[in-house]
Amino acid sequence: MKNKSIKVATLKLLPTAPFRLDLTTWALRRRPTNAVDQWDGEHYTRLLVVDGQPVKIILKQRGTDRIPELSIILKSGKELTVGTIGKIRMLLEKMLGLKADLKPFYKLAKINNVLKPLAKSFIGVKPPRFPTLFEALINSIACQQVTLTLGIMLLNRLAATFGTKFVDGDKLIYAFPSPEDLAAAPLEDIKKLGFSRQKVKAIKELSNSIINKGVPLLEELEEMTSKQTVEHLLKIHGIGRWSAEYVLLRGLGRIDIFPGDDVGAQKNLMLLMGLKKLPNYDEVKKITAGWQPYCGLVYFHLLLDKLQKKNII
């Protein structure tokens, strides 16, 4: 497979220090099997569809975590306009939390014996977000009541089957599916990928509702309080309390939210605090209350700590 008509543009971003692309990428991708958010040890690569145009982005960090700089290559099938490049810039700043000033968190961690070693080990990680709230919601549906490893596998299959494709040399990369992609996908074809019938129904209803404006625009959630957002999301078929809080953190960047029903996070907290059993929802909220307004950031630190202990990072 060859694509000889690829157009290339470059971009430079200056994250708020400290920043580490590797740690932030791992907090975003969660598992080494993630085929949508790719990491080769030096470059973060992903296919985004902006203004209807597939754009392959390749990021590399230059400088240090204290004086960070991101060098970005953009590849597309046609010339990228200034407007499209501007949208990509804003999208990357959001996805990788590049403008987040975490100095208050590090100040808090210095006087907290639990947070201090975590903050020191993973200094430079920023709170990542999915590029769209739709992707955050589909991720939450796919990962409900299954292991994260299985959830990522299902999401990979979904993207490979229904997402926009882009050929770069002999490499094929695909974007996460859009609402239009999944609304058009036959129900049985989604189910064949390993999704339960209930999850397929939730995916199809969400996709169709967004296209037909059956639910308010997801972007309106940006202006709502977290409580209002949860109430709004719970009205969507297939979205429960865990999914709603997951979307608050990973879709809206609300780093004061620690998903209390997240079993993986509960296990991480149990180990961190030396507990004899998994904390329940109320216990999680009680434990994390002293870390506000940064308990969601601690969630990412605990994920990285687990990956490090497994020698993945």
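The shown structure was predicted, so the numbers you read here are calculated from the model rather than taken from an experiment.
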Task: Residue pairs, two or more places apart or on separate chains, that pass side-chain hydrogen bond (donor to acceptor under 3.5 Å, both in side chains) and touch residues 109-129 - done: R129-E222
TODO: Kindly give the heavy-atom pair with the smallest separation between L23 and I123, and that separation in Å.
DONE: CD1-O, 3.9 Å
- [ ] Decide yes or no for L233 and L137: does some side-chain heavy atom of the first lie under 4.5 Å from some side-chain heavy atom of the second?
- [x] yes
TODO: Would you mind reporting whether L96 and P15 have side-chain heavy atoms less than 4.5 Å apart?
DONE: no
TODO: Decide salt bridge (charged side-chain N to carboxylate O under 4.0 Å, His left out) for K286 and D282; before the verdict, give the C-alpha distance in whole Å, the side-chain angles of both, and the deciding distance to 0.1 Å.
DONE: CA-CA 6 Å; K286 184 176 180 180; D282 291 334; over 6 Å; no
Task: All pairs passing side-chain hydrogen bond (donor to acceptor under 3.5 Å, both in side chains) where residues 146-164 contributes a residue, at least two apart - done: R31-T149
- [ ] Please determine which of K285, R254, R250 meets the salt bridge (charged side-chain N to carboxylate O under 4.0 Å, His left out) test together with E245.
- [x] K285
- [ ] Provide the closest heavy-atom pair for Y299 versus A265 in the form atom of the first, atom of the second, distance.
- [x] CE1-CB, 3.7 Å
Open item on the list: Parallel, tilted or perpendicular: which one describes the rings of Y246 and F130, with boundaries at 30° and 60°?
Closed with: tilted
Open item on the list: For I67, is the CD1 atom crowded, meaning more than 12 foreign heavy atoms sit under 6.0 Å from it?
Closed with: no
Open item on the list: Is it true that D181 and S178 share a donor-acceptor pair across their side chains at a distance under 3.5 Å?
Closed with: yes
Task: Cluster overlap L307 with V298, hydrophobic side-chain contacts below 4.5 Å - done: yes
Open item on the list: Is there a side-chain contact between R241 and V230 in this structure, where contact means two heavy atoms from C-beta onward sitting under 4.5 Å apart?
Closed with: no
Task: Closest contact, heavy atoms only, L182 versus K204 - done: O-NZ, 3.2 Å
TODO: Compare all side-chain heavy atoms of L193 with those of L158 and state whether any distance is below 4.5 angstrom.
DONE: yes
Open item on the list: How close do F195 and I190 get, counting heavy atoms only, and between which atoms?
Closed with: CD1-O, 3.5 Å
Open item on the list: Please give me the minimum heavy-atom distance between P131 and L91, naming the atom from each residue.
Closed with: O-CD1, 3.6 Å
Task: Considering all heavy atoms, the nearest H43-W39 contact - done: O-CE3, 3.1 Å
Open item on the list: L70 vs L21, test: side-chain contact (heavy atoms from CB on, under 4.5 Å). Steps then yes/no.
Closed with: CA-CA 8 Å; L70 285 179; L21 178 62; 4.0 Å; yes
Task: Parallel, tilted or perpendicular: ring planes of F176 versus F134, cut at 30 and 60 degrees - done: perpendicular
